[in-house]
Structure formats: C-alpha cells, structure tokens
Amino acid sequence: MSKRSRFLLILVVLGICFAFLWPSLKWYAYTPKEVQTLALGSLEKIKDYSVAMTSADVKAMKSAANADASAVLDAKFAWLEKIAKKNYKAMNEKVPSPMTVGDVLNSFYSEAELSTAIQEYYRDGILAAKKCYQNSVKLGLDLSGGMNIIVKADLDAALASQKDSGVAVDVATFKANAMAQALETLTSRIDRFGLTSPVIRQQGEDRIYIEIPGAAEAESINTIIMGKGILNFRLVDMEATNAFATYYNANPGAVFTASGTLSDPSVIPADCEVFGLYRKDAYGLDERISYLVVKKEIALDGQHIKSAQVSANQISNEPEVDFVLDSEGAGIFAEFTSAHVGEYLAIVSDNQVKSNAVIKSAITGGRVAISGFSLTEAQNLQKVLQTAWLSVPLSVESQQVIGASLGEQAIRQGIMALVIGLASVLVFMLLYYKGAGFNAIVAQILNMYIMFSVLSAFNLTLTLSSIAGMILTIGMAVDANVIVFERIKEELILGKSRRSAITAGFENAFWAIMDSNITTFIAAIFLSQLGTGSIQGFAVSLAIGVVSSVFTALFVSRLMFDVNTEVFGRKTMSISWRVK
C-alpha cells in the first residue's frame, strides 16, 4: 500500500472515530450538569419541566409586551427570534429588524402556538441531550456508584394460579408472556419514578437484572419492585377531571409534590384518585398526555379477562380491541355498564390509565369491544389486556449498593493507573529506542483514542475491569512496535539502508505480530461470550485494544517511518544506542 493510501486510510479511520467519540465528548465535556440531571430523568419529569418553563416564559413575554411592546427582545430569547423570523417568512411578510417583543408575539397566531413552540424548544433540547447520553460511553456501577438488583419471578406460582382458574394454557407461552409483562411493569415503574437511566434485562428463564446508576435508596427501590401492577376498570369522574385540568393549567408546577402526591388533596373528590392517561410514543415508551380523575372503587378486576385481540370494525373498518370476560366478570360488567351508560370507563394498569372510552350501551354476554384509536394504540392496549391476568410474584434475590464516593475514587484511581502505565511505557520506548520511540508514542496515543471511540460507537459501559483491559492493552500494544523495531535493527546491522531496513523490518515482523495478536483476540472473544460482568468488560476492552494496536503499529508507525525517509530525506535512523 502506498504512503498516500495509508495516509488517507488513517484520516478516514480517525474521522470515523471522532464521529463515534463526539457524543461522549459532548455529554461529559460540554453538557451542563443541570441539563444532564434533566436528561437522565424520566420522560414525565422532562415533560413537567418543559411545561413549567413554557408557562414561565410565556408570562415573561406577555409582561414585557405589556410594559413596552417596542422593547428589543431579551438576549436569552434569541432562539425564539429565529422561530419568529421563520413565521414571518412563512406568512410572506417582511421580517422586522431589530426584532421587538411585540414583533415576536405578533409572529404567532395564538398564545397556544407560542406555548407549543417554547415547549418544543425545551423538550427537544433535553431529549437531544438524552440521545447524546444514550450514544456515549456509560460509566458502570463501580465507577458511577449505584445499585444492582436481581429479581426472581415466581413463574410456577403464577402458572399454578392460572391453572386454578380453569383456563387451559401453553406453559412455554405463558412463561414467556409472564416474563415480558414483568419486564414491562418494572420498566414502567422505575422510569416513572425518575430513576437515572436504569438497565433492565431478563437473565435466564425467571430472573430480571436491574442496574440503577447514581444514588438511590434501597428501601424505595424495593417498594417499587415489589408493588403490585394489577389491571382494573374504573369509572371516570369527568366533572372532576375537567375541574382538575383547569386547576392544573393554572398551577402547572405546584400541583404535585416531589413524591408524586397531590399538594392539595381537596382539589378532587375524596372518593377519587388522579392518574395519568398514557399513550405509547414513537420510541415505544409510555408518555403521559393528560390526567384523569377516576373513582377509587374498582368496577371490574383484570383477572376476569380471558383473551384479547385486535380486529377491524365491520362498519367503519377502524381498529378496535375485543376482549372476552369469564362468566363472573361478564355478570359484573353487565350490571355496571347498565348503570353507567354514557359515562367514561378507564382501564388502569399499575396506576396508569391505558385507555379511556365511553360506555355507549349496556355490555352483556362477556364480549367487549373498545374503539376510537389507531392500529398501534389498539395493539398496545391488546398487549395490556392480554397480560392483565399475569400476576407474577416478584422477590429480590440479591442486592448490591455502591456509594457514589467510592465510584469517584475508583475513577480517579483507574485514570491514574492508565496515565502512569501509558507514561511509563512511553518513557521506556523513548529511552530504549530513542527517536523511533516517538513513533511508538504516537501509535499508543492513537490506540487509546480508537479504543475509546469504539466503546462509544457500541454504547459500551466503562467499568474498572474495562480500564484493566485497557492498561493490559497498553503493555501488549507496544509489543508490535518492539517486534518491528528489533527487526529493523537486525537489518541495519546487516548494513542495509534506512529505506530497505524499514521495508524488510515490517515485512518480516508482519506474521509474528499477527500470530500473537490473533491468538489474544480469539481468547478475548471467548471470554466476552462465555464470561459475564467484570470478565466480559475486561474481554471486550482487550479485544478492541488488540485490533486497534495492530492497526496503529502497521499503518501509523509505518507511515511515520516512510515520511521521515522519503519526504524529509533522512538517511540514518535513531533506533538504538548500539546501531548508528
């Protein structure tokens, strides 16, 4: 490969690596702490923040306009000026210059449109930071502090309960659905409580692994995990709902306490509760779209649901969800719907309203059809109803808490070990191989750069074991340079010129380098596939380091030798105290 080809290849690789590394740099170096805190919170908290900030900004804009509409727009609203300019262009009107407070307000058709634009600004900014975090290198619990929990799902107890109800089930399908429901329930609970970016995944057949970075109270976490998520049907108090909506719009930031309870319980009737009405967003996450005030009394328990499916209405062809009740549930539902025709009925799961529909007529016979939503919404509701009867007992099998201060100490020690290890190797290379050691230094620095880039590209988690793998890679990566340098020295001792010695040195060292690194790479791959936890983290970082070290030794170091020889015209080589 020619020098130009190697140079272009290196530039391409470094450019791609920078693109991979940029989210991590942006998150850890350029994202303010307060934005990080918001981005790591739940979608509900992000929405509440956006609504509160929107309300404050709209009031500020209106107050400024009432005081002096011709005043120049405040610098903190510079982003709003850009939107106003687009609005004027869309209306084919001249853009005012300078832009005043009155001009900005006049660019919007209504206060609602202004509120929407401001809310989108705050929401999109935080969601962009959240996406940046998702694409960056994560810090493991041993570095960031936090808690890991293993939860056991008692599938046998759930299966026995289902068999006692007299309904025939396929055991394998039942267990798979039960675990899927348990995972979704836990994800919903933990995200709703605003806990920082939890990792929740199935482990084996009946266990769930939960990893929660940051500070978290063990008791509150256990309460969340052990809470019951039974689905039920409740009557909606529409009069109280409308009154609550008016109250909430007037006091968006002061309705709920930090724990999620009402600051003033008297705003709703004593026999009611306030739940959020949720829809699945584009990412498949529950997103609250409004609040409903529902009766505390349960009209029908979800355990009476036997099956649910999505179908098309025979007249309108619109999607609808049909579900079948057992005989007891059919009787209860028929009596209830007969007494509440024209009123709204909510389907509540884990204190979230999944659907809200009007009772058009008395529903008898145990077959129920719910319509009025899209196909995706219908499929989501079907899943909720299908798993309503899956009451899976959960128990905490093991729990480990790591303090944030311990994590900070681990980060400092890990970075210190990495820096000292790298510096020691580089000093040795400079002292032993003189000028050629500088090539090894550049190769090692780029090696670390590529390693972190790959970690960021695959959204891998950085742990103490990963850092240990990197430190080991530093020592191993220099081996390739040592082999090449020793080969070059042998060629120089034979009397060859600088150019011939470099060419022969790299050619003779190639397979020795490849053999040693391939065997290490194979071992790392097996460790990453068969190992778990810290072993897996160590193996992944080692495998990445092996590949990047071969690249930097054979391409970067070789290019530097060739440039010094052919571009700068050097005839001699500084590579040893014994070879001149």
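In what follows, residues are counted from 1 in the order of the sequence shown.
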Counting neighbours of [atom1] on [X] that are heavy atoms of other residues, nucleotides or ligands and sit closer than 6.0 Å, is the number greater than 12?
X	atom1	result
K26	NZ	no
F438	CZ	no
Y28	OH	yes
Y449	OH	yes

Distance from [X] atom [atom1] to [Y] atom [atom2], nearest 0.5 Å?
X	Y	atom1	atom2	result
I445	L426	CD1	CG	6.5 Å
L21	S453	CG	OG	4.0 Å
R487	I513	CZ	CD1	9.5 Å
M179	D206	CE	CG	6.5 Å
L430	S574	CG	OG	9.5 Å
M53	L38	CE	CG	9.5 Å

Does a side-chain heavy-atom distance below 4.5 Å link [X] with [Y]?
X	Y	value
I488	F561	yes
I126	K130	no
L9	F551	yes
I10	L559	yes

- Report the C-alpha distance between T565 and R570 in whole Å, list the side-chain angles of each, state the deciding distance to 0.1 Å, and finish with yes or no for side-chain hydrogen bond (donor to acceptor under 3.5 Å, both in side chains). CA-CA 5 Å; T565 302; R570 293 184 179 174; over 6 Å; no
Exercise answer: donor-acceptor pairs, residues 76-85 side-chain atoms, under 3.5 Å, sequence neighbours excluded:
residue, atom, partner, partner atom, Å
W79, NE1, K76, O, 3.2

Side chains of [X] and [Y] only: does a donor on one sit below 3.5 Å from an acceptor on the other?
X	Y	answer
N447	S549	no
S497	S500	yes
S136	S24	no
Y433	E486	yes
Y122	D57	yes

Please answer whether the main-chain N or O of [Y] pairs with a side-chain N or O of [X] as donor and acceptor at a distance below 3.5 Å.
X	Y	answer
S456	F452	no
Q202	R207	no
S557	L554	no
Y432	V427	no

- Less than 4.0 Å between a side-chain N and a carboxylate O, is that true for R499 and D562?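 Salt bridge flag = no for R499 with D562.
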- Using the test side chain to side chain donor-acceptor pair (under 3.5 Å), find all partners of K496 that sit at least two apart in sequence or belong to another chain.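 Listed in chain order: E491.
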- Do R558's NZ or CZ and the ring of F506 fall within the cation-pi criteria of under 6.0 Å and 45°?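 Yes; both conditions hold, so R558 lies above the ring face of F506.
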